[in-house]
Each structure stands twice: as C-alpha cells, then as structure tokens.
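Notes for the one structure printed next.
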Amino acid sequence: MSRQLDNDNPTIFAPTTSTTSKRIQKGKASLWSQEALSDEEELGYSSGGGSGSGEEREDIDAEEVYDLLRSITDPEHPVSLEALRVVNPDDIHVAGNRVLVYLTPTIPHCSMSTLIGLSLRVRLLRALPPRYRVDIRIKSGTHQSEHAVNKQLNDKERVQAALENKHLLNVVEGCLSTADKRGSA
C-alpha cells in the first residue's frame, strides 16, 4: 500500500542559470573538480592537514555549496530540490569553516523536511573537508514544527541513529543518487 503524498502537486520552478562560482570566473579551479581533488590529496589535506605547513587552503563559497545540493532529489517527487526551491543560493551562508544552509519546505506541514535536511547534511559531510562544520536549519516561519526539526537535524546522536536505520539510509541514498549531476537540469 502506498503512502499518500504530503504535497500532491508541488510548484516546480525553472533551474537557476548561474552554475559557475566566482572562483572559476577568477580563473581558479572549483574545489569539486577532479583536478582540485587530486591536488588536495597530494598536498596532504585529506585529514585536515597541519596549520603550520604554510600551504594555502582555499575556502569554499556559497555557490559551490549550492552546486553540491541543487540536484538532490526530493524524497516524494522525482524533482530536484532546486526545482522545488527547497534550496536556493540566497539561503546558504559560508563563514570560515562554518556552513549554514536554510531549507524551505514546499508546504508548512511537510513531513519530509527532516529527511530532506538529513540528505543535505549527508551530502555536505561526504563532500566537504572535515574541517567544515555544517548546520542545516528550516527557514524561519516556513514549517509548523520548525524548532523540533532544527533540533533533530543538528543533533549528532540523532543524525547518527537515523543513518544506522537501513530504510532511512536507503531513502537518503536514493535522494543523493542524482547529486553528482551538479548544474544539470
């Protein structure tokens, strides 16, 4: 028996046109390119590196984080989070080693908000170097259980317990199966 959808007919928006970060426009390679990834491994950044090594670390920007998240699929519909405007570049903030992402549910009583937030967290934890701290939050005033969802999404023990649940992990993996299609429509 299939479960009834929370939002039977979500509004779908056209993808954003900007997929190139300012870093690439300035002539620097994206941190997510194969070239940059192999350079990072050669320089020894894989486990946080040493601060006294004198090697320059490039910081990420909000556009690069957005590129990592935009093509994740919604758990209820075969549509990207970008197309549903669950994530958008204006709601992503990067300061030093902290990344803050606000997600906007499609409806105020969306039961998938926690699962979407968990998918965002897993994607960033897998893609970003370990020195980054990731916070995922519901955009203020967009969900009736905003406080409870925020508490779940940012509690390490709850996140770990959720990822130990094979069913939830399979759903998250399904959402992330399209995440490598960054910038694709």
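Heavy atoms only: backbone and side chains are in, while hydrogens, waters and symmetry mates are out.
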Give me the atom names and distance for the closest heavy-atom approach of Leu115 to Pro75.
CD2-CB, 3.9 Å

How long is the gap from OG1 on Thr114 to NZ on Lys151, to the nearest 0.5 Å?
13.0 Å

With a 3.5 Å distance limit and no angle check, can you tell me whether Glu63 reaches the backbone of Pro89 through a side-chain donor-acceptor pair?
no

Going through the distances and angles, do Glu146 and Ser140 end up as a side-chain contact (heavy atoms from CB on, under 4.5 Å)?
CA-CA 7 Å; Glu146 172 186 333; Ser140 183; 3.8 Å; yes

Would you name the heavy atoms of Arg121 and Val134 that are closest together and state the gap between them?
NH1-O, 3.0 Å

Nearest 0.5 Å please: distance from the CD1 atom of Ile138 over to the NE2 atom of His147.
12.5 Å

Exercise answer: donor-acceptor pairs, residues 96-103 side-chain atoms, under 3.5 Å, sequence neighbours excluded:
| from | atom 1 | to | atom 2 | distance (Å) |
| --- | --- | --- | --- | --- |
| Asn97 | ND2 | Arg131 | O | 3.1 |
| Arg98 | NH2 | Asp135 | OD2 | 2.8 |

Passing option when Val172 is tested against Ile72, Leu118, Leu120, Ile116 for side chain to side chain contact (heavy atoms under 4.5 Å, CB included)
Leu118

Spacing of CZ belonging to Arg85 relative to CG belonging to Asp91, to within rounding of 0.5 Å
11.0 Å

Report the residue from Val159, Leu124, Val149 that forms a side chain to side chain contact (heavy atoms under 4.5 Å, CB included) with Ile136.
Leu124

Nearest heavy-atom neighbours spanning Ser71 and Ala179
OG-O, 3.3 Å

To the nearest 0.5 Å, tell me how far His143 NE2 sits from Ile107 CD1.
8.0 Å

Should Asp59 and Tyr132 count as side-chain neighbours, where that means a heavy-atom distance under 4.5 Å?
yes

Looking at His109 and Gln144, would you say the former's side chain and the latter's main chain have a donor-acceptor pair under 3.5 Å?
no

For the residue pair Arg126 and Leu176, establish whether any side-chain heavy-atom pair is separated by less than 4.5 Å.
yes

Under 3.5 Å, is there a donor on one side chain and an acceptor on the other for Thr73 and Thr178?
yes

Do any N or O atoms from the side chain of Asn154 and from the backbone of Asn150 form a donor-acceptor pair under 3.5 angstrom?
yes

What's the separation between atom CG in Asn88 and atom CG in Leu69, rounded to the nearest 0.5 Å?
11.0 Å

With rounding to the nearest 0.5 angstrom, report the CD to CG distance, Glu64 to Asp61.
4.5 Å

